[in-house]
Amino acid sequence: MGMTMTQKILAAHAGLERVAAGEYIEAKLDMVLGNDITAPVAIKEFEKMGGKEVFHKGKIALVPDHFAPNKDIKSAEQCKFMREFALAQEVDNYFEIGEMGIEHALLPEKGLVVAGDVVIGADSHTCTYGALGAFSTGVGSTDMAAAMVTGEAWFKVPSAIKFNLRGRPSKWVSGKDIILHIIGKIGVDGALYKSMEFVGDGIEHLTMDNRFTISNMAIEAGAKNGIFPVDQRTIEYIREHSHRDFQIYQADEDAKYDKVYNIDLSKIRPTVAFPHLPDNTRTIDEVGNIEIDQVVIGSCTNGRIEDLRAAAKVFKNKKVKKGLRAIIFPATQKIYLQAIEEGLISIFIEAGAAVSTPTCGPCLGGHMGVLAEGERCVATTNRNFVGRMGHATSEIYLASPAVAAASAIAGKIFNPEKIGGQGDEN
Amino acid sequence: MKTKGKVHKYGDNVDTDVIIPARYLSTGDAEELKRHCMEDIDKEFAARVEKGDIIVAGKNFGSGSSREHAPMAIKASGISCLIAESFARIFHRNSFNIGLPIIENQGLVKEIEKGDYVEIDFEKGSIFNITKNKTYKIQPYPEFVQRIIQSGGLGNYIKEKINE
């Protein structure tokens, strides 16, 4: 029986001709990632394991992005601890504030992940790099520590679900709407322990930024990874960002899938996930009247340049509803600069939105946009769990940058299709 | 290894943000983390939990973030074993890696109620519900996972590997 794309990458990194779902393997790693929350725990574990030197200075990435720029003294201590380790170990890919970006936007941009890689990161959204045709997955701090020592990690080889994407998405439908639609269909544990393999002729209509968003949220369906085949767009992206050689893997024609879903992208509507689970989705036509207090546009899910362009298109010549806070986070310094050069930042500021240096801050209720009791937020982030962005009674509605921007203008969850024309209620 | 304790019961999709909210993640100290364990869905948990107690929950326990702080906080609280219909995968591997026993079993969860006293014998693969006077069998862990458990977690497993 044939192998899935994921199984082929894992087999190659385990030095095996073939692997089968359920088998335990130890695979060689091309990149090991940690941040200011997870790396300090990993570094202590690394020392306890008897680790002296990291296995490869070029294959470790340490990014202070969660509670950085330091939100308080304790966070400052955690960042300092990670920085000192990075300096002592001469880790190549430590990114200080000023060149730092949100890790999962930063690593592909810096060319640190390419097609065919096996990557683990002590952050659940490490699955983002599946967009590049790599196997990447989130792990905990102890796994990260072990990987820093040995350059390997253990995996149970996953089975897979195939998502056959067909057709072209309509104007205001982005990668975010597609993945929310899929999670709404299969549930938050719909792909538990499995790979999500996206295939089909609809993929040619998805830009790299759309694919990053889709792979990023595979974890929100419980998946181990979410992977795209490598096409011309992927190759162009990798060549533009990286000098590394890459390897293209394809699923065998007779690969076995636990399930196959056929999804017509042209039928997907802008989609919103209501509190308190990402699978609690409604189309924009079904949202009703939900008044909101805050809008956050950014995160490892939706802080890339196309996300900012989509938001700017909606915000142009409009104003954020009086009394509402709109906060925008370009995911990396490069994206920030590009947004300035393209005039997007001016549009945001003229609309009355605040623009911040890159940070994960508000997405996990850390800083820069924490919610008070009973407040409601439309966020382009990835989780709407109880208390995720602040008070346990606050509410998060997950949406695309276009829906978030339209909602900031209307003061309630709103359809971007209706903002530009006479449908604009403001 | 045997363990015995009182059951704390929860529903489906208990995520890592409620197990340990991110606002407390500016430390990796398990003793500090345990004071806030479960507080957004069960304010009394930290005060009520006793050494040896057992958590029983529905499907997809530990979903969300990769934070190892979640199983660390639960373990430091004194919880000796978690039983759920299913576990989110990162939480699943983190628990093994730090030596917190977990049991995935769909039927069992419905049979055990909040406040029951339960005894688990990991060697024999049996669970005895003392309150209901009923015994259940559990599946042994896969061989690879057993090796990690026998080493006392991934840290020791790696240490042994380095010394080989």
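Throughout, protein chains are lettered first and strands after them, A, B, ... in sequence-line order, and every chain is numbered starting at 1.
- Proximity to chain B involves both the backbone and the side chain of A:Lys224, based on heavy atoms less than 4.5 angstrom apart.
- In this structure, the side chains of A:Thr137 and B:Arg89 come closer than 4.5 Å at one or more pairs of heavy atoms.
- Atom-to-atom distance recorded for B:Ile158:CD1 and A:Thr150:OG1 is 5.0 Å, nearest 0.5 angstrom.
- Side-chain contact between B:Ile90 and A:Ile219: present, with at least one pair of heavy atoms (C-beta onward) separated by less than 4.5 Å.
- Of all non-hydrogen atoms in A:Thr142 and B:Gly155, the two that sit nearest each other are CG2-N, 4.2 Å.
- The aromatic rings of B:Phe144 and A:Tyr24 sit parallel, their planes meeting at an angle under 30°, below the 60° perpendicular limit.
- Residues B:Asp17 and A:Arg388 share a closest heavy-atom pair of OD2-NH1, 2.8 Å.
- Side-chain atoms of B:Asn13 and A:His276, non-hydrogen and from C-beta on, never get closer than 4.5 Å to each other.
- Only the backbone of A:Ala223 comes within contact range of chain B, judged by heavy atoms closer than 4.5 Å.
- At a threshold of 4.5 Å between non-hydrogen side-chain atoms, the residues A:Trp154 and B:Asn97 count as touching.
- You'll find the side chain of A:Phe385 stays beyond 4.5 Å of the side chain of B:Val18, heavy atoms only.
- In this structure, the side chains of B:His92 and A:Lys156 stay at 4.5 Å or more apart for every pair of heavy atoms.
- Atoms OG and CG, on B:Ser66 and A:Asn35 in that order, are 7.0 Å from each other to the nearest 0.5 Å.
- Residues A:Arg383 and B:Asp15 fail the side-chain proximity criterion, which asks for heavy atoms closer than 4.5 Å.
- No other option in B:Glu143, B:Glu160, B:Glu104 has as many heavy-atom pairs under 4.5 Å with chain A as B:Glu104.
- To the nearest 0.5 Å, atom CZ of residue B:Arg93 and atom OH of residue A:Tyr193 are 12.0 Å apart.
- The residue among A:Val41, A:Thr393, A:Leu192 with the most heavy atom pairs within less than 4.5 Å of chain B is A:Leu192.
- A:Gln78 places a side-chain N or O within donor-acceptor distance of the main-chain N or O of B:Leu25, the cut-off being under 3.5 Å.
- At least one donor-acceptor pair closer than 3.5 Å links the side chain of B:Asn94 to the backbone N or O of A:Gly140.
- Chain A forms more heavy-atom pairs under 4.5 Å with one residue of B:Ser86, B:Ala88, B:Pro71, B:Ser65 than with any other, namely B:Ser65.
- In plain terms, the two heavy atoms of B:Arg67 and A:Leu364 that are nearest each other are NH2-CD1, 4.4 Å.
- Interface remark: A:Glu152 contributes side-chain atoms only to the contact with chain B (heavy atom separation under 4.5 Å).
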